[in-house]
Amino acid sequence: MRFDPRSLVDVAVLVAREAGSLALTTRETAVADVDTKSTITDVVTAADRAAERLVRERLASLRPGEPVIGEEEGGQAAVEGLTWVVDPIDGTVNYLYGIPHYAVSIAAQVDGESIAGAVHEPVTGRTWTAARGGGAWLDGRKLQVNDVTRLDVSLLGYGFAYRADRRQRQAETWAKLATKVRDIRRAGAASLDLCAVAAGRLDAYAEHALGRWDWAAGALLAREAGAVVKVPGEAPELGEDATFAAAPGIADALYAALVDAGFAKV
Ligand code: LIP
């Protein structure tokens, strides 16, 4: 491999923490300057934009010549070599409402595969990291998914899309699932949902319509912690834009239950 994943993790951690500090310290003014994107509920604050700008400037300095794909400014992946994938504030609605559950997510990808990632929580100071083949970590503690084997005692994370018509169909699907699992949690930040699977705080997570920036770091973390992970395009039976992560003991049963509940049709 032409890149050392561990050194890439160090870069991701350094820059994510700087961007997180900016988001945290500017929130009062940042949430006064809000625009919308795909729908009236799909918001972007001044802090989303400023944090991504900071990340881009720091990566240009630390990793010159390597392209960045970010939620707010877009970008193109490298034809050959490494691309940085950035969500400057994952959980923007939480950030807007003052709910302290949001993160800066930065991943390094080669040919679309994540090889290093960091998910940093500005409010708690926690930083989740993974290097391909090096395991998943939370502030120096190694992570492992749960050894759960029964779907009916599993805790599931999920998320709704921003489009109202799709939310209706998603709600109908989750209503069918609600009696098949222990309970369901909707926390509002995909990167942290995937980290929660890695840490055993969730047994599984599934959602549609995530951006690459939402899952790029968290999916690597979940996979390195032992989860069965499908990123968009890898689980056609769940829908072409489905993201799925589950402890191995329930992965097959959950996958089948999602198919039965019509997850692919939402
Ligand atoms: C969010 C995701 C969340 C999803 C939201 C939104 P953002 O990302 O983390 O899981 O349900 O609709 O996409 O927009 O806060 O970066």
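Remember, it's 1-based here, ligands and their atoms both numbered in the order they're listed. Note that the structure is a prediction, hence the values are computed from the model and not measured.
Between Trp174 and Tyr158, the ring planes lie tilted relative to each other; the angle falls in the 30° to 60° range.
Atoms of ligand 1 found under 4.0 Å from any heavy atom of Ala190 (numbered from 1 in listed order, with element): 2 (C), 3 (C), 9 (O), 10 (O). With ligand atoms numbered from 1 in the order given, ligand 1 contributes 16 (O) to contacts under 4.0 Å with heavy atoms of Asp87. For ligand 1 and Gly91, the ligand atoms under 4.0 Å from any heavy atom of the residue are 7 (P), 15 (O), 16 (O). Listed by atom number, the atoms of ligand 1 under 4.0 Å from Thr92 heavy atoms are 15 (O).
Hydrophobic clustering, defined by side-chain heavy atoms of Ile, Leu, Val, Met, Phe, Trp and Tyr closer than 4.5 Å, groups Val231 together with Val145, Leu155, Leu194, Val197, Leu202, Tyr205, Leu210, Trp215, Val229.
For Asp48 (side chain) and Thr45 (main-chain N/O), a donor-acceptor pair under 3.5 Å exists by modelled atom type.
For the pair His208/Val266, a side-chain contact is recorded, criterion being any heavy-atom separation below 4.5 Å from C-beta on. The closest side-chain heavy-atom distance from Glu121 to Val104 is not below 4.5 Å.
A heavy-atom separation below 4.0 Å is found between Ile89 and ligand 1.
Geometrically, ligand 1 and Arg186 share a nitrogen or oxygen pair separated by less than 3.5 Å. Considering backbone and side-chain N/O of Asp90, one or more are found under 3.5 Å from N/O of ligand 1. For ligand 1, the polar-atom distance check against Asp193 finds no nitrogen or oxygen pair separated by under 3.5 Å.
Of the protein's non-hydrogen atoms, the one nearest atom 6 (C) of ligand 1 is Tyr162 OH, 3.2 Å.
Sorted by first then second residue, the side chain to side chain donor-acceptor pair (under 3.5 Å) pairs that include residues 179-192, not counting sequence neighbours, are Asp90-Ser191, Asp183-Arg185.
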